[in-house]
Amino acid sequence: MNNVRAAVLDDLDALSVLLDDYRQFYQQQSDLKGARYFLNQRFGLGDSFILVSEEAQGTISGFGQLFPGLSTVGMNARWTLNDLYVLPEYRRQGVGRALMSAAADLAQDHGVARLVLMTQVENKHAQHLYETLGWQRNTAFYSYLLDVNEA
């Protein structure tokens, strides 16, 4: 059984490994030092909400990271569930579902009107989870990216 809670600085080492694994899932080169630096910045700046799933024996089995934002059209808060990752050996055990439910609860506690996320088209397992939790695929808008370092 797992417990979802807010991440604390003492989780930095375990979280860094998970973030590095998550990035590799998205075809990025391993950079454990960079992952640690990035997460340490988040803790220091307090500009994201990081949730972890902790197993009974104390293992951090997954994490979710939310970044606050605003909607001008909706004139309200809209958070992005930017990251969701579960260690392979803990998948299909309810960890991702628990993290997503905790993210929705946290957003609701903060008066946030809407959560948004993006995932790769090929990530069918994650899409299935999202849809079973009531998330709706956005078919009204396209998503665009601009790498400003190459523009």
Side-chain angles (χ1 to χ4, degrees), residues 1-12 14-28 34-55 60-88 90-151:
M1 187 66 177
N2 62 52
N3 172 48
V4 175
R5 61 173 175 78
V8 295
L9 196 54
D10 285 344
D11 297 322
L12 186 58
L15 265 174
S16 298
V17 171
L18 267 71
L19 179 60
D20 193 49
D21 289 350
Y22 171 75
R23 292 184 67 255
Q24 290 176 64
F25 177 82
Y26 283 104
Q27 288 77 49
Q28 300 299 304
R36 181 180 176 80
Y37 179 78
F38 180 83
L39 288 167
N40 198 42
Q41 282 185 308
R42 305 292 63 78
F43 282 116
L45 295 172
D47 58 1
S48 74
F49 294 92
I50 305 172
L51 299 170
V52 295
S53 176
E54 183 176 40
E55 301 302 314
I60 303 296
S61 57
F63 80 101
Q65 184 165 211
L66 298 127
F67 289 97
L70 300 170
S71 169
T72 303
V73 173
M75 295 187 297
N76 54 29
R78 180 177 293 178
W79 288 2
T80 301
L81 179 57
N82 201 69
D83 311 308
L84 180 71
Y85 183 75
V86 176
L87 288 170
Y90 291 98
R91 292 180 187 160
R92 301 201 188 288
Q93 298 179 30
V95 175
R97 182 175 298 275
L99 283 163
M100 292 196 70
S101 293
D105 291 344
L106 182 65
Q108 189 173 37
D109 291 348
H110 281 83
V112 174
R114 180 170 288 158
L115 290 176
V116 297
L117 64 77
M118 290 190 320
T119 192
Q120 284 183 328
V121 173
E122 298 86 14
N123 196 350
K124 301 292 185 195
H125 293 295
Q127 292 168 35
H128 177 73
L129 171 62
Y130 306 152
E131 291 168 10
T132 64
L133 290 170
W135 290 68
Q136 297 174 4
R137 184 175 299 183
N138 184 348
T139 59
F141 295 92
Y142 289 117
S143 177
Y144 290 87
L145 301 171
L146 173 65
D147 187 342
V148 296
N149 294 323
E150 296 178 13

TODO: Write down the atom of F49, the atom of P68, and the distance for their closest heavy-atom approach.
DONE: CE1-CG, 3.7 Å
Task: Taking every non-hydrogen atom, the tightest pair across V86 and G96 - done: CG2-N, 3.7 Å
Open item on the list: Do L39 and I50 make a side-chain contact, defined as non-hydrogen atoms from C-beta onward lying under 4.5 Å apart?
Closed with: yes
TODO: Measure the CG-CD distance between D20 and Q28 for me, rounded to the nearest 0.5 Å.
DONE: 10.5 Å
TODO: Measure across T119 and A126 and return the closest heavy-atom pair with its distance rounded to 0.1 Å.
DONE: OG1-CB, 4.4 Å
TODO: Report the C-alpha separation of L9 and L12 in whole Å, then their side-chain angles, then the decisive distance to 0.1 Å, and conclude whether the side chain to side chain contact (heavy atoms under 4.5 Å, CB included) test is met.
DONE: CA-CA 5 Å; L9 196 54; L12 186 58; 4.2 Å; yes
Task: S61 side chain to S53 backbone, donor-acceptor under 3.5 Å - done: yes
- [ ] Give a yes or no on this: more than 12 heavy atoms of other residues, nucleotides or ligands lie within 6.0 Å of atom CZ of R5.
- [x] yes
Exercise answer: donor-acceptor pairs, residues 97-115 side-chain atoms, under 3.5 Å, sequence neighbours excluded:
| unit_1 | atom_1 | unit_2 | atom_2 | d |
| --- | --- | --- | --- | --- |
| R97 | NH2 | T132 | OG1 | 3.0 |
| S101 | OG | R97 | O | 3.1 |
| H110 | ND1 | L106 | O | 3.0 |

- [ ] Answer yes or no: is there a side-chain heavy-atom contact under 4.5 Å between Y130 and L81?
- [x] no
TODO: Look only at the side chain of Q127 and the backbone of Q120, and say whether a donor-acceptor pair between them is shorter than 3.5 Å.
DONE: yes
Task: Expected output: side-chain N76 to main-chain G74 donor-acceptor under 3.5 Å - done: yes
TODO: Please work out whether the ring planes of Y85 and F63 are parallel, tilted or perpendicular, with thresholds of 30° and 60°.
DONE: tilted
Open item on the list: Closer than 3.5 angstrom, by distance alone: can the side chain of Q27 be matched with the main-chain N or O of F25 as a donor-acceptor pair?
Closed with: yes
TODO: Measure the shortest side-chain to side-chain distance between N123 and Y26 over non-hydrogen atoms and say whether it is less than 4.5 angstrom.
DONE: yes
TODO: Hey, could you give me the CG/CD distance between L129 and E131, rounded to the nearest 0.5 Å?
DONE: 9.5 Å
Task: Shortest non-hydrogen contact from N82 toward Y22 - done: O-OH, 3.1 Å
- [ ] Report yes if some heavy atom in the side chain of L66 is under 4.5 Å from a heavy atom in the side chain of L51; otherwise report no.
- [x] yes
Open item on the list: How close do F67 and S48 get, counting heavy atoms only, and between which atoms?
Closed with: CE2-CB, 3.5 Å
Task: Where D11 and I60 come nearest, the two heavy atoms and their spacing - done: OD1-CD1, 4.0 Å
Task: salt bridge (charged side-chain N to carboxylate O under 4.0 Å, His left out) involving D47 - partner list, sequence neighbours excluded - done: R42
Open item on the list: Within this structure, what is the CG-CG distance for the pair D83 and L117, rounded to the nearest 0.5 Å?
Closed with: 10.5 Å
Open item on the list: Tell me whether the count of non-hydrogen atoms from other residues, nucleotides or ligands lying under 6.0 Å of CD in Q136 goes above 12.
Closed with: no
